[in-house]
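For reference, the structure discussed in these notes is given below.
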Amino acid sequence: MGKIGQSLLESIDLPADLRQLPEDRLPQLAQELREYLINTVSRTGGHLAAGLGTVELTIALHYVFDTPEDRLVWDVGHQTYPHKILTGRRDLMPTLRKQGGLSGFPRRAESPYDTFGVGHSSTSISAALGMAIAAARAHSNRQVVAVIGDGALTAGIAFEALNNAGDMDANLLVVLNDNDMSISPNVGALSNYLARILSGRAYTSVRSGSKTVLSTVRPVFQFAKRIEEHMKGIIMPGTLFEELGFNYIGPIDGHDLSSLIPTLRNMRELSGPRFLHVVTRKGKGYTPAEGDPCVYHGVTPFDPRTGKMETKVSNKTYTQIFGEWLCDMAETDPKLMGITPAMREGSGLVEFSERFPDRYFDVGIAEQHALTFAAGLACEGFKPVVAIYSTFLQRGYDQVIHDISLQNLPVMLAVDRGGLVGADGPTHAGSFDLSFMRCLPNFVIMAPSDENECRQMLYTAYRHEGPAMVRYPRGSGAGVTVERTMTALAIGKGEVRRQGARVALLAFGSLLGAALGAAESLNATVVNMRFVKPLDEALLVKLARSHELFVTVEENAVAGGAGSGVGELVGQLQLPVRVLNLGLPDTYIEHGVPAQMLAACGLDAAGIARQVIDAMPGLARASESA
């Protein structure tokens, strides 16, 4: 089965090689795969605990199903590193999440085994259902499998898809990877229900016996018919899924290949909607990750022997600034309510959740619900603060419009990860929020240029009697001193940070430093605009009288962004000035190092200066003569 001295994993280049192995060799392969995953991610960083939990499940799925002809659709993608290793990308794993290297998520352009690109959760069943219906229309016997985590089941789209699939009688297998863990600890009635059932004595004994039965009785359908009415409706957690039209089997141990493989084989032979419930442990096989799967969900490079991660002394992150402000504000106002859609750690809410548990709400992976829930609180006189990533805010856009903006409710959005996000790439980049939020009536939109300004903007947004949004980037700021006091800023007022001539650089948020750097060689005026909406109309009118060119600079898509707002104002008021909009181009920016990504977009100091000179060639000659 390979060259002498070659490990079992090294003999597997594609799933077809895997399917040539005898079953009794698969536990060894799982061990080697887990070790390889730990060693690789220890050098590159990335998502670890989720992939460790799906090693056996990944092997079993590729062993039983004829991938890529059979479609395997993963949810979210955090757990797909073992899948990447087994599907021809083992030797490329050292390039994971690096510029020009492998994506940290499934991506159709990267491999035919990545049947659907993901990054946001809960889409797998919908996509797989589409593929299953397409196979039926083509009269194909192709199998379609969706793998979804229990945390992802908290999203409404997952239940919409389950309901639709059961009604269609689609030939689809849904595998629930139940590890009682998404990114933050799971919340919600469904998670509690599964945990309660699985911990019961009656079900424990049935489960241990059912593994043997499921692995020996063929087809599974005969077994299910004999006992489903007697047992499933009484003690098994499959009642809900069977009511939706699925043939439910499980739960079974997701780390026991001797159960997984025969059960998957049996279910492969069935038709219609099928639901297999497997129980796994996030971080399986690596003690540090098993002990703290939250910490080891996403990791920086670490020592694989000890699990100790590399630490770098850096300035406070914007996320930390938000977390500190939220606790300070909650101490002064008992009406403050903190809301997150399953991102407690990522959004900086850990301390708040511990100090103010009765005012902390993790609603699960349910962005739409989070926003309308906040609107309901606002209707009753409370002050909701929704902490949400920019990329996840997209998922609740209808609720932002109809439930918050239209009703002019005082809901505050603390939008993290605005702009590019480095190694996570385009699925997680906050490239569009200024564009899709700027067009909404009633909203006040702010973008801080440093940490202290972020704190003051958070306070300004909280005090505003209407919907408001503060949008800040991932990572650390410039390292400025943050005032513990809170001062409300004048709504819609910018500040001139450097006085120059002919060109005014209008910086929105995170790129103020780059604009100031460019201004030195251009002798340009620099304005920290602060507010994307409303714009500082009086300041812009004044500057238009003494400058020939406005250059807007933002870490957001140029199309429809803050700069577009400046251009609209200039046109409406017929101001005697040209406008050059600089921002993210009309494409998706691939993963890489943030500074290099910005430079490639022309948004570092040198790139800004170069584009200004291209727009005003005479400016360069004047600078040289000066």
Side-chain angles (χ1 to χ4, degrees), residues 26-27 30 34 49-61 63-64 74-76 78-80 82-83 121 124-125 145-154 158 162 173-183 185-215 220 223-224 231-232 235-242 246-267 274-286 289-291 293-294 296-297 364:
L26 298 183
R34 189 167 272 114
L52 289 172
T54 61
V55 167
E56 288 83 6
L57 179 59
T58 304
I59 289 172
L61 287 167
Y63 194 73
V64 171
W74 294 94
D75 210 281
V76 186
H78 298 148
Q79 72 273 44
T80 57
H83 162 80
S121 85
S124 59
I125 304 174
V145 182
V147 183
I148 187 168
D150 52 322
L153 274 181
T154 61
L162 286 170
L173 171 61
V174 175
V175 178
L176 171 61
N177 175 30
D178 180 3
N179 58 27
D180 196 30
M181 192 81 196
S182 49
I183 296 175
N186 283 336
V187 297
L190 176 64
S191 179
N192 292 337
Y193 173 57
L194 293 177
R196 188 168 63 248
I197 294 295
L198 291 175
S199 63
R201 283 187 188 174
Y203 189 67
T204 300
S205 61
V206 171
R207 178 174 56 187
S208 62
S210 69
K211 286 195 297 184
T212 302
V213 175
L214 290 174
S215 65
V220 172
F223 163 74
M231 298 300 292
K232 288 186 178 180
I235 59 173
M236 287 193 178
T239 304
L240 169 64
F241 304 109
E242 295 203 338
F246 281 77
N247 181 12
Y248 173 92
I249 297 294
I252 64 172
D253 185 348
H255 300 299
D256 182 359
L257 286 162
S258 65
S259 293
L260 268 176
I261 288 174
T263 302
L264 284 170
R265 280 180 176 147
N266 290 340
M267 298 195 79
R274 293 146 288 155
F275 195 101
L276 175 62
H277 183 173
V278 302
V279 179
T280 62
R281 183 170 185 177
K282 199 169 186 181
K284 173 72 173 176
Y286 188 53
E290 286 186 6
C294 272
Y296 286 86
H297 168 74

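Scope of the values below: all heavy atoms of this structure, side chains included, with no hydrogens, waters or symmetry mates. If you read the sequence from its start, that first residue is 1, and numbering goes on from there.
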Specify the closest pair of heavy atoms between [X] and [Y], including all atoms of both residues, with the distance to one decimal.
X    : Y    : value
V279 : P251 : CG2-CB, 3.6 Å
P293 : A49  : O-CB, 3.9 Å
G254 : V278 : CA-CB, 4.1 Å
P82  : G51  : CG-O, 3.4 Å

Would you mind reporting whether [Y] and [X] have side-chain heavy atoms less than 4.5 Å apart?
X    : Y    : answer
D253 : S259 : no
L260 : D256 : no
T54  : N177 : yes
I125 : L162 : yes
V175 : L57  : yes
K284 : R34  : yes
P27  : L257 : yes
L61  : V147 : yes

Would you compute the distance between atom [atom1] of [X] and atom [atom2] of [Y] and round it to the nearest 0.5 angstrom?
X    : Y    : atom1 : atom2 : result
D178 : L276 : CG    : CG    : 11.5 Å
I252 : T263 : CD1   : OG1   : 4.0 Å
T280 : L176 : OG1   : CG    : 9.0 Å

**Study point:** Evaluation steps, side-chain contact (heavy atoms from CB on, under 4.5 Å), between Y63 and T58
**Key:** CA-CA 8 Å; Y63 194 73; T58 304; over 6 Å; no
Review point. N247 side chain to E242 main-chain N or O, any donor-acceptor pair under 3.5 Å?
Key: no
Practice item. Could you tell me whether the side chain of D75 and the main chain of S124 form a donor-acceptor pair under 3.5 Å? Key: yes
Please work out which of the three classes, parallel, tilted or perpendicular, describes the rings of [Y] and [X], given edges at 30° and 60°.
X    : Y    : value
Y296 : Y286 : perpendicular
H78  : H297 : perpendicular
Y248 : F275 : parallel

Review point. Stepwise, does the side-chain contact (heavy atoms from CB on, under 4.5 Å) test hold for K282 with L52?
Key: CA-CA 6 Å; K282 199 169 186 181; L52 289 172; over 6 Å; no
Check your understanding: Step by step, would you call R281 with N179 a side-chain contact (heavy atoms from CB on, under 4.5 Å)?
Key -> CA-CA 5 Å; R281 183 170 185 177; N179 58 27; over 6 Å; no
Practice item. For F246 and R274, run side-chain contact (heavy atoms from CB on, under 4.5 Å): C-alpha distance rounded to whole Å, both residues' side-chain angles, the deciding distance at 0.1 Å, then the answer. Key: CA-CA 5 Å; F246 281 77; R274 293 146 288 155; 5.6 Å; no
Check your understanding: Which residues satisfy the side chain to side chain donor-acceptor pair (under 3.5 Å) test with Q79, sequence neighbours excluded?
Key -> none
